[in-house]
Every structure is written in C-alpha cells, then in structure tokens.
Amino acid sequence: MIVSHPLRFLAVSFALAACSARPAAGQAEPYHILVTNDDGIRSPGIEVLAEALRAVGEVHVVAPCGQRSGASMSVALRDDLELRAIQRESGAVEHCVDTTPAGAALLAISSLAPEGGFDLVVSGINSGANVGTASHMSGTVGAAMMGAFHGIPAVAASLGARSMNFDYPARFVAHFVEELKQHPPMPGTVFSVNIPRANEAETAGVTVAPMGGIHLQFSFEEVQGEGENRRFSPRIGQETDHPAGSDAEALAQDMITITPLMFDWTSYSAIDLVKRWELNHEIGR
C-alpha cells in the first residue's frame with residue numbers, strides 16, 4: 001500500500017530524504033542514483049529496482065504518476081508540475097509527477113538533484129523489451145536519454161518476459177550498475193539492458209550487441225469506418241526475423257542484451273554525402 005499527498009512545486013520531503021543518509025566526516029560521498037520509469041510510480045518494476053539499487057548507492061525516485069509508455073523523449077513545458085510524495089510500506093519516500101518519463105527525469109535533474117548532482121540515471125524496469133528500432137519510441141529509453149542529454153551516464157532496463165517477477169532482473173541491473181560505477185562511460189551514453197526471462201535458470205547468458213531489427217511493429221486498424229468520424233485502434237505485432245548479431249536476435253535467444261546508445265543521432269556518413277549535392281540558398285522563383 002502506498003499513501004500520496006501533493007506538494008506544490010517545492011519538494012521538501014525529497015530534499016529531506018536525500019539528506020537523511022549523508023556520510024559522516026571522512027567517509028566517501030554517496031553515489032546518487034536517480035530512478036525513474038515509464039510504467040508509473042505504482043509499477044512493481046520500479047519499486048523492486050529502487051530497492052535493489054539501494055545496495056549500490058543513494059536512490060532518489062521521481063517517476064510519472066501513471067502509465068506513459070511510448071512517450072520517447074517528449075516533455076511537456078507549458079504547464080506547472082505538481083510533485084507528489086509517495087511513502088512505501090518500507091518507509092522509503094519517493095515522488096511522482098504527472099508528466100512524461102523524460103519530463104520526470106528533467107524535473108529531477110534540473111530542480112531536485114542533491115548537491116553535486118546525480119551520478120547515474122536508471123530507468124525501469126520496463127514491462128516488455130526495448131530492443132531494435134522500437135527503442136526510439138520507448139519512454140523507458142527516453143527518460144534515460146534525458147540523463148545523457150545532461151551528461152549523466154544512464155541505464156534503461158527492461159524485462160522481455162511476460163512475468164511480473166522483477167526480482168532477478170533488478171538484481172542483475174544492480175550488478176551491472178556496480179560495474180558501471182567502477183567504469184564510468186563517456187557522457188551521453190545510455191546502456192539499454194534487456195533481460196529476456198524473469199529468472200536466472202532460463203537466461204542463457206549476457207552479450208553486448210548493437211541495436212538491430214524491428215522487434216515490434218506498430219500500426220492502427222480501422223474499427224469504425226462509417227460516417228464522417230472514423231475510429232482506429234492501435235495494434236502491436238511482434239517480429240520473429242531479426243538481423244544476425246543484433247540485440248533483437250540475442251534477446252530471442254534468451255540472452256541478456258546490453259546495447260550502448262548515444263544521444264547524438266547524427267549520421268556522419270550522410271554529412272559527406274549531402275555536402276556533394278548541388279544545394280544553394282538562391283533557389284529563384
């Protein structure tokens with residue numbers, strides 16, 4: 001059971017929670033981890049993940065209040081945001097905001113970060129894999145990308161299995177973050193971690209692979225075509241033919257996939273190609 005109450009603009013309880021575990025004199029500064037997701041604060045994936053990461057560093061949770069899958073890196077910048085404090089049964093105080101995953105991460109990074117900022121952003125654990133080109137639409141990946149945008153290393157974690165048992169995936173993510181803590185990557189890097197199964201026995205291993213394949217097909221099907229107003233219902237299909245060596249293929253083989261993604265989407269090969277075109281600002285009439 002969780003109990004929430006609204007806080008307008010100022011995150012007093014967030015600041016108190018962040019300061020409650022400050023190290024004593026002579027101790028190393030804590031490793032500050034921002035945890036968010038796109039399934040919402042009430043998702044079991046984020047609760048189990050946050051608890052597992054508390055063994056690695058000081059965890060701060062700021063997530064959307066509800067389901068925001070498929071939001072990519074969109075943010076809402078027109079209206080004020082209301083931050084709500086959430087108290088878990090464990091006593092941990094977390095926060096939600098009615099915005100997109102990337103928006104929640106942006107609010108936390110820009111306005112709620114502890115002194116010195118966050119050391120890592122972890123988004124997840126998402127219910128459903130984020131491999132292949134569908135990752136571009138993922139709110140889980142989008143929230144992690146907001147960390148990369150601000151120069152903070154980030155992890156986007158997803159569970160491919162239909163099971164809602166996040167214990168093993170959370171422990172693996174915590175293990176990965178322990179390694180990441182020792183080997184910080186270049187700013188702008190997001191590690192997309194996809195775990196195929198909910199338990200260790202059914203997982204074949206770990207591989208580092210590039211993004212590849214479609215994995216999921218998104219479309220709309222007309223369900224009401226008569227009259228002036230037509231209705232279309234979303235459809236999601238799963239592809240089974242994956243490029244060799246891709247993250248999509250590895251996940252289908254029950255491998256945990258780790259795919260380093262960059263915030264910079266520039267096609268550098270296309271820059272040289274387009275430079276050879278005969279383009280001129282003087283186009284005439």
Original post:
Which pairs count as side chain to side chain donor-acceptor pair (under 3.5 Å) when at least one residue sits in residues 134-145, sequence neighbours excluded?
Top reply: D38-T140, N126-T140, N130-S138
Original post:
Under a single-linkage rule joining Ile, Leu, Val, Met, Phe, Trp and Tyr whose side-chain heavy atoms are separated by less than 4.5 Å, which residues share a cluster with I271?
Top reply: Y268
Original post:
Can you list the other members of the hydrophobic cluster that holds M262, where links are side-chain heavy atoms under 4.5 angstrom apart?
Top reply: none
**OP:** Take atom CD of E200 as the centre, draw a 6.0 Å sphere, and report whether it contains more than 12 heavy atoms from other residues, nucleotides or ligands.
**Re:** no
side-chain hydrogen bond (donor to acceptor under 3.5 Å, both in side chains) with [X]: which residues, sequence neighbours excluded?
{"X": "N194", "value": "S192"}
{"X": "D254", "value": "R197"}
{"X": "E249", "value": "none"}

**OP:** Sorted by first residue and then second, give each disulfide (SG to SG under 2.5 Å) pair with at least one member in residues 244-285; sequence neighbours left out.
**Re:** none
**OP:** Please collect all disulfide (SG to SG under 2.5 Å) contacts where either partner lies in residues 121-212, sequence neighbours excluded, each pair once.
**Re:** none
May I have the list of side-chain donor-acceptor pairs in residues 169-188 shorter than 3.5 Å, sequence neighbours left out?
{"unit_1": "R171", "atom_1": "NE", "unit_2": "D167", "atom_2": "OD2", "d": "3.3"}
{"unit_1": "K181", "atom_1": "NZ", "unit_2": "V56", "atom_2": "O", "d": "3.0"}
{"unit_1": "H183", "atom_1": "ND1", "unit_2": "E179", "atom_2": "O", "d": "3.0"}

Original post:
Which residue pairs pass the salt bridge (charged side-chain N to carboxylate O under 4.0 Å, His left out) test when at least one of the two sits in residues 261-279, sequence neighbours left out?
Top reply: none
Mind listing the side-chain donor-acceptor pairs of residues 62-69 below 3.5 Å, one per line with the distance, residues two or more places apart or on another chain?
{"unit_1": "Q67", "atom_1": "OE1", "unit_2": "S69", "atom_2": "N", "d": "2.7"}
{"unit_1": "Q67", "atom_1": "OE1", "unit_2": "S69", "atom_2": "OG", "d": "2.2"}
{"unit_1": "Q67", "atom_1": "NE2", "unit_2": "D39", "atom_2": "OD1", "d": "3.2"}
{"unit_1": "R68", "atom_1": "NH2", "unit_2": "D98", "atom_2": "OD1", "d": "3.2"}
{"unit_1": "S69", "atom_1": "OG", "unit_2": "D39", "atom_2": "OD1", "d": "3.3"}

Subject >> Qualifying ring pair (Phe, Tyr, Trp, His ring centres under 6.0 Å) pairs with a residue from residues 141-166, counting only residues at least two apart or across chains >> reply: F149-F263
